[in-house]
Amino acid sequence: HRYVMDYLVDEVLQGQPAEVQTFLLRSSVLHRLSAPLCNAVLGEAGPGDTRSILAYLDAANLFITPLDDRRVWYRYHGLFADLLQKQLRDTAPESITGLHSRASRWYEEQGLLAESIEHSLAATTFEHAATLIERVAESLMVQSEFTTLRTWLDALPDLVLNEHPRLRAYHAWLSLLAGEPLRAVESRLAPSAVPGEPEPGEIKAARALITISRGELEGVHELAGAALASLTADDGVWFGIAQWLRDVLSVPEVGPARDDATAHQILIDTHRGGRNALLTVMGLCSLGELRVKEGKLREAERLFRRALDQATDP
């Protein structure tokens, strides 16, 4: 409400010393605050003693909330943060990119990649963001953090995604999981801009997933084999997917009139105890759903419990 905003500007923000105003505006790009982070982000343009300013804001109840008992981390009240960000956009828009870039760099140095990615995207340093996303994409998939990964990938321009085939493959897989039309899913796998460049193994594995979703089993085996020719066990989940698709369709009793239970059991057996926990969970859930359709509810319950244990195993 404009009267509330006017009050906050006139009575709260402008009533503060100049160095506190600078601190408030420039630190508003942060979702949470600490003295080391604020020092890194504000740099030479900020006040020298950020720890004292945070303590002052806390003691004065200036719309700041401590997030821990030691009062190391704080956050602004949501409405106050919105006001500060608007003021920053109105008064110093040219500073915003640099603030986010420095925040991203600090979080990356602390090993906090999710926060680093968020600030890198806000700074529009998309190539750096893509590099960071590649480092965490597989763990997010294994942990079923699909929405987070999809949001980040959607924020990347097509030109950047085109240079990162593994991210394009994840984008297609997430689109498939979201139930998008297969034509739209395939569009995520647009060929590289470099003429004649061989298609990466991850893209071939993703194409195999799309192909089996169509029920076109004959093409799946060939795509999976081609993917494995350029992937290794170090490629994690994509190697596992290609291996599973190839192995399942190589089993004599698994063909056009295949035994789905056998196929899913192969998936489970192949990846049990390995690094591809996601594939094990997928196999257990799919096999459990088959048992439900067969009326074997106790066996289905056992399979779902195994999937839950596997999914939540630290």
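These numbers come from the heavy atoms of this one structure, side chains and all, not from hydrogens, waters or symmetry mates.
Leu223 belongs to no hydrophobic cluster, as no Ile, Leu, Val, Met, Phe, Trp or Tyr side chain comes under 4.5 Å of its own.
Partners of Ala40 by side-chain contact (heavy atoms from CB on, under 4.5 Å), not counting sequence neighbours, listed by chain and number: Trp106. In terms of the ring-ring contact (aromatic ring centres under 6.0 Å, His included) criterion, residue partners of His100 (sequence neighbours excluded) are, by chain and number, His119. Every residue two or more places apart in sequence or in another chain was checked for a salt bridge (charged side-chain N to carboxylate O under 4.0 Å, His left out) with Glu145, and none qualifies. Residues meeting the side-chain contact (heavy atoms from CB on, under 4.5 Å) test with Thr147, sequence neighbours left out: Thr151. Residues forming a side-chain contact (heavy atoms from CB on, under 4.5 Å) with Gln21 (at least two apart in sequence, or on another chain): Leu13, Gln16.
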Subject >> Trace of the side-chain contact (heavy atoms from CB on, under 4.5 Å) decision for Ile133 with Leu156 >> reply: CA-CA 10 Å; Ile133 293 170; Leu156 294 175; 4.0 Å; yes

**OP:** For the pair Glu301 and Arg305, evaluate salt bridge (charged side-chain N to carboxylate O under 4.0 Å, His left out) and give the outcome as yes or no after the intermediate values.
**Re:** CA-CA 6 Å; Glu301 179 187 10; Arg305 289 190 181 280; 3.1 Å; yes

Subject >> Intermediate values then yes/no, salt bridge (charged side-chain N to carboxylate O under 4.0 Å, His left out), Glu108 and Arg135 >> reply: CA-CA 12 Å; Glu108 184 181 1; Arg135 292 169 59 181; 3.5 Å; yes

Original post:
side-chain contact (heavy atoms from CB on, under 4.5 Å) between Arg75 and Ile64: does it pass, once the steps are laid out?
Top reply: CA-CA 6 Å; Arg75 66 170 175 81; Ile64 193 170; over 6 Å; no

Original post:
Does the pair Phe239 and Val237 meet the rule for a side-chain contact (heavy atoms from CB on, under 4.5 Å), with working shown?
Top reply: CA-CA 5 Å; Phe239 177 81; Val237 70; over 6 Å; no

Original post:
Can you check salt bridge (charged side-chain N to carboxylate O under 4.0 Å, His left out) on Glu186 and Arg183, steps first, answer last?
Top reply: CA-CA 5 Å; Glu186 283 186 309; Arg183 186 183 299 274; over 6 Å; no

**OP:** Check step by step if side-chain contact (heavy atoms from CB on, under 4.5 Å) holds for Gln243 and Leu231.
**Re:** CA-CA 10 Å; Gln243 185 182 51; Leu231 294 172; over 6 Å; no

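Heavy-atom minimum distance, Leu189 versus Ala169: CD2-CA, 4.0 Å. Here the closest heavy-atom approach between residue Val292 and residue Ala300 is recorded as CG2-CB, 3.6 Å. Minimum interatomic distance between Ile53 and Glu19 (heavy atoms only, all atoms of both residues): CD1-O, 4.4 Å. Annotation for Leu57 and Tyr76: closest pair CD1-OH, 4.2 Å, computed over non-hydrogen atoms. The minimum heavy-atom distance linking Ser104 with Leu132 is given by the pair OG-CD1, 4.5 Å. Scanning both residues, Leu153 and Leu161, for their nearest heavy atoms gives O-CD1, 3.8 Å.
The pair Arg105-Glu115 does not count as a salt bridge, with every side-chain nitrogen at least 4.0 angstrom from each carboxylate oxygen. Ion pairing between Lys86 and Asp90 holds under the 4.0 Å rule for side-chain N and carboxylate O.
At a threshold of 4.5 Å between non-hydrogen side-chain atoms, the residues Leu67 and Arg32 count as touching. Lys204 places none of its side-chain heavy atoms less than 4.5 Å from the side chain of Pro200. Under the 4.5 Å side-chain criterion, counting only non-hydrogen atoms from C-beta, Leu83 is in contact with Gln87. Residues Leu182 and Leu176 have side chains in contact (heavy-atom distance under 4.5 Å, counting atoms from C-beta outward). Side-chain contact check for Thr65 versus Tyr74: every heavy-atom pair is 4.5 Å or farther apart.
Grouping the Ile, Leu, Val, Met, Phe, Trp and Tyr side chains by contacts below 4.5 angstrom, directly or via other members, places Leu33 with Val72.
If you take CZ on Arg298 and CG on Leu303, they are separated by 14.0 Å, rounding to the nearest 0.5 Å. Between atom CD of residue Glu94 and atom OG1 of residue Thr91 there is a gap of 8.0 Å, rounded to the nearest 0.5 Å. Expressed to the nearest 0.5 Å, how far CG of Leu88 lies from CG of Leu24 amounts to 11.0 Å. Summarising the geometry, atom CG belonging to Leu84 is positioned 10.5 Å from atom CZ belonging to Arg89; distances are rounded to the nearest 0.5 Å. Taking CD1 of Ile117 as the reference point, atom CG of Leu113 lies at 6.0 Å (rounded to 0.5 Å). The distance from atom CG of Leu54 to atom CG of Leu62, rounded to the nearest 0.5 Å, is 11.5 Å.
Within the 3.5 Å criterion, the main-chain N or O of Phe23 finds a donor-acceptor partner in the side chain of Ser27. Counting only distance, with no hydrogens or angles, the side chain of Arg71 and the backbone of Asp58 share no donor-acceptor pair below 3.5 Å. Of the possible polar contacts, none joining the Ser175 side chain to the Val185 backbone as a donor-acceptor pair under 3.5 Å is found. When atom types are taken as modelled, the side chain of Gln85 and the backbone of Ser28 share a donor-acceptor pair closer than 3.5 angstrom. Distance alone, capped at 3.5 Å, is enough to place a donor-acceptor pair between the His77 side chain and the Leu79 backbone. Thr50 contributes no side-chain N or O that, together with a main-chain N or O of Cys38, makes up a donor-acceptor pair within less than 3.5 Å. The main-chain N or O of Ala35 is found under 3.5 Å from a side-chain atom of Asn39 such that the two form a donor-acceptor pair. Formation of a donor-acceptor pair under 3.5 Å by the Asp235 side chain with backbone atoms of Trp238 is not found in this model. Side-chain N or O atoms of Ser34 include one that pairs as donor or acceptor with a backbone N or O of Leu37 at under 3.5 Å. Counting only distance, with no hydrogens or angles, the side chain of Thr131 and the backbone of Glu127 share a donor-acceptor pair below 3.5 Å.
Shown here is Arg214, whose CZ atom has more than 12 heavy atoms of other residues, nucleotides or ligands within 6.0 Å. For Asp68, the CG atom is densely surrounded, since the number of other residues' heavy atoms within 6.0 Å is greater than 12.
Between Trp173 and Tyr170, the ring-plane angle classifies as parallel under the 30° and 60° cut-offs.
Here the rule is side-chain contact (heavy atoms from CB on, under 4.5 Å) with Ile203, and of Arg188, Arg168, Arg166 only Arg168 fits it.
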